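What follows is a set of notes on a single structure, which appears directly below.
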Amino acid sequence: MGPSEYAAHLRSDGLRLAEVAEGNLERTVRSCPEWDVAELVWHTGAVHRFWTEVVRTNAQRVAGPPALQRPSADALVAWFRDGLEEGAQVLEAADPAAPIWTWTSTDDTAGWIQRRMAHETAVHRWDAEVASGRTTGVERDLAVDGIDELVDVFLPEADTSRDLGRGTIHLHATDGDGEWLLTVEGNHVQVARGHAKGDVAVRATASDLLLVLWRRIDPDQVEVLGDSAVLDRFLAGVAIE
């Protein structure tokens, strides 16, 4: 995916998040139980503004997030929409190869931020929908890209002090191309793509696979074949936020 595709997803999911937040700000977000919808909107809007400023200023070093004035509840959703559109415009116009600060050790480019903001917004859109009582999946191609991002970016950056167990986990998207094999050895995870037999296989749409990995839905909501304890220990131990 390129800047235009990521920006389109950012806009679409962001606008849907705002839509379902209207009138529901006090509802609890079951997938993020420490938050209500207002906190979800504030968090996501603040993240948008932070990364928009990083890209706009071509920042090569960042001391920390800026101090933002939280809007009143009546103004919160409008504030979110304003920042969403500004961010989409700035990110869409950026050269994805431009060197820029990120928190990763592997990809300090604007393209990393373009991708991250699309996925951050898609998952939090789903969180907002949970609070509203009706969810829709992450768009398939974006979900596949999101699984790639998780295994390529978040797993290598995760806390490696935890014992994740041992075994192989095969992820199989049932709605098109997309297969991954995770080989777990203590606190290390190796990733390969393609068809392979694992100690446990997880079969679901790409969206549901992504949501399982982000611990938004439980594995018992998808098809799990084989030694489910391997999957359960991995999900319980891996530190990705």
Side-chain angles (χ1 to χ4, degrees), residues 1-2 5-6 9 13 30-32 102-107 109 111-112 114-116 118-127 129-130 135-241:
M1 289 189 180
E5 291 90 346
Y6 285 130
H9 285 298
D13 284 312
R30 178 173 50 82
S31 50
C32 303
T102 71
W103 53 253
T104 76
S105 60
T106 57
D107 188 356
T109 67
W112 182 92
Q114 291 161 336
R115 184 189 206 189
R116 178 86 290 273
H119 291 301
E120 175 92 4
T121 308
V123 171
H124 284 324
R125 182 269 298 163
W126 188 90
D127 290 328
E129 288 184 337
V130 167
T135 61
T136 55
V138 177
E139 190 275 333
R140 202 202 89 84
D141 288 346
L142 186 67
V144 170
D145 187 64
I147 297 168
D148 282 338
E149 184 204 39
L150 191 147
V151 298
D152 291 338
V153 176
F154 282 88
L155 285 184
E157 300 283 351
D159 179 359
T160 58
S161 64
R162 305 183 190 188
D163 185 353
L164 304 178
R166 283 160 179 78
T168 51
I169 303 167
H170 178 224
L171 306 173
H172 188 155
T174 57
D175 54 348
D177 292 341
E179 295 188 68
W180 301 260
L181 184 72
L182 311 184
T183 301
V184 184
E185 289 285 345
N187 56 4
H188 296 287
V189 182
Q190 292 185 327
V191 180
R193 287 167 176 78
H195 184 70
K197 182 174 176 57
D199 295 316
V200 59
V202 188
R203 291 173 48 85
T205 65
S207 175
D208 280 354
L209 287 178
L210 179 68
L211 294 170
V212 166
L213 290 171
W214 277 114
R215 293 169 291 188
R216 266 24 189 213
I217 64 176
D218 294 329
D220 61 10
Q221 295 179 250
V222 299
E223 184 180 10
V224 177
L225 305 170
D227 188 354
S228 61
V230 173
L231 175 66
D232 292 342
R233 184 163 185 175
F234 169 78
L235 292 174
V238 69
I240 53 172
E241 300 293 345

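Please read all numbers here as calculations on a predicted model, not as lab measurements.
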Which atom pair, heavy atoms only, marks the closest approach of L210 to A143? CD2-CA, 4.1 Å

Does the side chain of [X] reach to within under 4.5 Å of the side chain of [Y], using non-hydrogen atoms?
X	Y	result
R125	T136	yes
L171	L213	yes
T109	T102	no
M1	V144	no

Could you work out, with side-chain hydrogen bond (donor to acceptor under 3.5 Å, both in side chains) as the rule, every residue matching [X], not counting sequence neighbours?
X	value
S207	none
S31	D127
E139	none
D199	T168

Separation of [Y] [atom2] from [X] [atom1] (nearest 0.5 Å):
X	Y	atom1	atom2	result
E5	D141	CD	CG	10.0 Å
Q221	R216	CD	CZ	13.5 Å
H9	Q114	NE2	CD	13.0 Å
D13	E120	CG	CD	11.5 Å
D152	I147	CG	CD1	11.5 Å
Y6	R116	OH	CZ	10.5 Å

Residues passing the salt bridge (charged side-chain N to carboxylate O under 4.0 Å, His left out) test with D145, sequence neighbours excluded, are R115

Identify, with sequence neighbours excluded, every residue that meets salt bridge (charged side-chain N to carboxylate O under 4.0 Å, His left out) alongside D107.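 By the salt bridge (charged side-chain N to carboxylate O under 4.0 Å, His left out) rule, D107 matches no residue at all.
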
Looking at residues at least two apart in the chain, or sitting in another chain, which of them share a side-chain contact (heavy atoms from CB on, under 4.5 Å) with D175? R140, A173, T205, A206

Only pairs under 3.5 Å count here: list side-chain donor-acceptor contacts from residues 177-186, not counting sequence neighbours, and write none if there are none.
{"unit_1": "E179", "atom_1": "OE1", "unit_2": "H170", "atom_2": "NE2", "d": "2.8"}
{"unit_1": "E179", "atom_1": "OE1", "unit_2": "H195", "atom_2": "ND1", "d": "2.8"}
{"unit_1": "W180", "atom_1": "NE1", "unit_2": "D148", "atom_2": "OD1", "d": "2.8"}

Would you please indicate if the ring centroids of W103 and F154 are separated by under 6.0 Å? yes

Can you give each donor-acceptor pair under 3.5 Å made by side-chain atoms of residues 222-234, sequence neighbours left out, with the distance rounded to 0.1 Å?
{"unit_1": "E223", "atom_1": "OE1", "unit_2": "R203", "atom_2": "NE", "d": "3.2"}
{"unit_1": "D227", "atom_1": "OD1", "unit_2": "A229", "atom_2": "N", "d": "3.2"}
{"unit_1": "R233", "atom_1": "NH2", "unit_2": "D163", "atom_2": "OD2", "d": "3.3"}

